[in-house]
Amino acid sequence: MSSFFSVCYDAELVILDAISIGLGLPIHSLRELHATQINELRLSYYPEADRVDFVNATRIAAHTDFGTITLLFQDNVGGLEVEQPPGSGVFVPADSAGPHECIVNVGDCLQMWTGLHSARHRVHLEKSDDLGSMVPERFSIAYFAKPDRAALLCPLLDSLLDNSEPVQQFLTANEFQHMRIKGTYA
Ligand SMILES: O=C(O)CCC(=O)C(=O)O
Ligand SMILES: [Fe+2]
């Protein structure tokens with residue numbers, strides 16, 4: 001488990017460097033905000049279910065992840081959907097070829113730093129006419145790359161600054177984390 005965690009961290013840093021390069025930022029701009037490795041791993045098990053008990057239900061309601069990026073691994077069952085285009089309310093399948101493939105989600109902190117859209121996603125239990133059928137069990141692993149708690153969530157690109165505001169106030173990652181946890185679990 002700990003070696004998987006550290007492989008994910010290595011991949012996270014490479015992805016953050018690639019995003020920095022892509023946005024024209026100094027290569028280590030994002031990496032430098034992720035030195036304390038305060039990341040999280042979630043192993044999810046969705047039990048097999050009788051479809052008749054879950055008409056119109058979802059396995060996880062639509063949400064955005066609130067870290068920087070999420071590395072998501074899933075089995076072959078499917079059900080993961082992403083809102084496309086952002087804000088449209090239309091969800092499209094984000095199926096992968098299997099557990100060896102990794103889906104990279106943009107999270108809220110990366111959106112605040114760069115303006116890239118935080119991916120709204122859900123795990124759906126698609127409607128079926130065959131109400132007698134069972135929905136198979138499903139496994140997923142989500143690695144949530146989180147910013148250092150002291151990092152300030154302010155735009156890293158000048159184009160994102162609101163110059164009409166004389167003083168702009170930004171949350172620290174710690175404040176944002178607590179805000180989102182309170183909103184999710186309160
Ligand atoms: O199980 C999945 O594929 C997604 C899980 C997820 O979105 C989450 O844990 O935030
Ligand atoms: Fe998620």
Side-chain angles (χ1 to χ4, degrees), residues 1-2 4-9 11-12 15-16 19 30 33-34 37-51 53-128 133-147 149 151 153 171 173-186:
M1 182 79 77
S2 62
F4 179 74
F5 208 52
S6 78
V7 168
C8 286
Y9 181 60
E12 168 197 334
I15 293 167
L16 294 180
I19 294 171
L30 289 167
L33 299 164
H34 298 78
Q37 301 194 40
I38 190 139
N39 307 307
E40 296 166 14
L41 203 58
R42 179 183 293 156
L43 315 182
S44 296
Y45 171 62
Y46 306 80
E48 183 187 54
D50 200 331
R51 197 178 289 276
D53 293 334
F54 287 92
V55 178
N56 294 333
T58 51
R59 283 183 142 167
I60 289 192
H63 66 281
T64 54
D65 295 340
F66 46 93
T68 306
I69 53 172
T70 305
L71 308 184
L72 191 60
F73 304 84
Q74 55 174 332
D75 59 19
N76 293 311
V77 172
L80 179 66
E81 295 183 343
V82 65
E83 188 182 44
Q84 191 63 268
S88 65
V90 177
F91 285 83
V92 299
D95 292 335
S96 64
H100 57 280
E101 222 175 78
C102 170
I103 290 175
V104 182
N105 274 347
V106 172
D108 296 339
C109 293
L110 188 57
Q111 175 169 312
M112 286 184 268
W113 278 322
T114 66
L116 293 172
H117 277 289
S118 182
R120 205 156 157 257
H121 55 285
R122 66 184 184 186
V123 181
H124 200 44
L125 206 128
E126 64 296 334
K127 274 194 207 155
S128 167
S133 67
M134 296 297 282
V135 182
E137 65 180 7
R138 178 175 184 275
F139 293 87
S140 71
I141 304 173
Y143 168 86
F144 300 99
K146 299 279 176 117
R149 290 289 198 255
L153 300 174
L171 296 176
N174 190 42
E175 289 165 334
F176 184 65
Q177 167 89 1
H178 281 91
M179 206 178 86
R180 287 297 307 267
I181 286 180
K182 234 169 136 184
T184 305
Y185 299 107

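First listed ligand is number 1; within each ligand, the first listed atom is number 1.
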Verdict with reasoning, His34 to Asn39, per side-chain hydrogen bond (donor to acceptor under 3.5 Å, both in side chains): CA-CA 9 Å; His34 298 78; Asn39 307 307; over 6 Å; no
Single hit among His121, Arg122, Arg120 for side-chain hydrogen bond (donor to acceptor under 3.5 Å, both in side chains) with Glu81: Arg122
Atom of His121 nearest the Fe ion (ligand 2) (restricted to N/O/S, atom name only): NE2
His63 atom NE2, over 12 foreign heavy atoms within 6.0 Å: yes
CD1-CG distance between Ile141 and Leu43, expressed to the nearest 0.5 angstrom: 5.5 Å
Which atom of Asp65 approaches the Fe ion (ligand 2) most closely (N/O/S): OD1
Shortest-distance N, O or S atom of His63 relative to the Fe ion (ligand 2): NE2
Check: Gln74 main-chain N/O paired with Ser140 side-chain donor or acceptor under 3.5 Å: no
Note, Tyr143 side chain near Arg42 side chain (heavy atom, < 4.5 Å): no
Close side-chain approach of Tyr9 and Phe4, heavy atoms under 4.5 Å: no
For ligand 1, the residues whose heavy atoms come within less than 4.0 Å (ordered by chain, then number): Arg42, Tyr46, Ile60, His63, Asp65, Leu72, Leu80, His121, Val123, Arg138, Ser140, Phe144
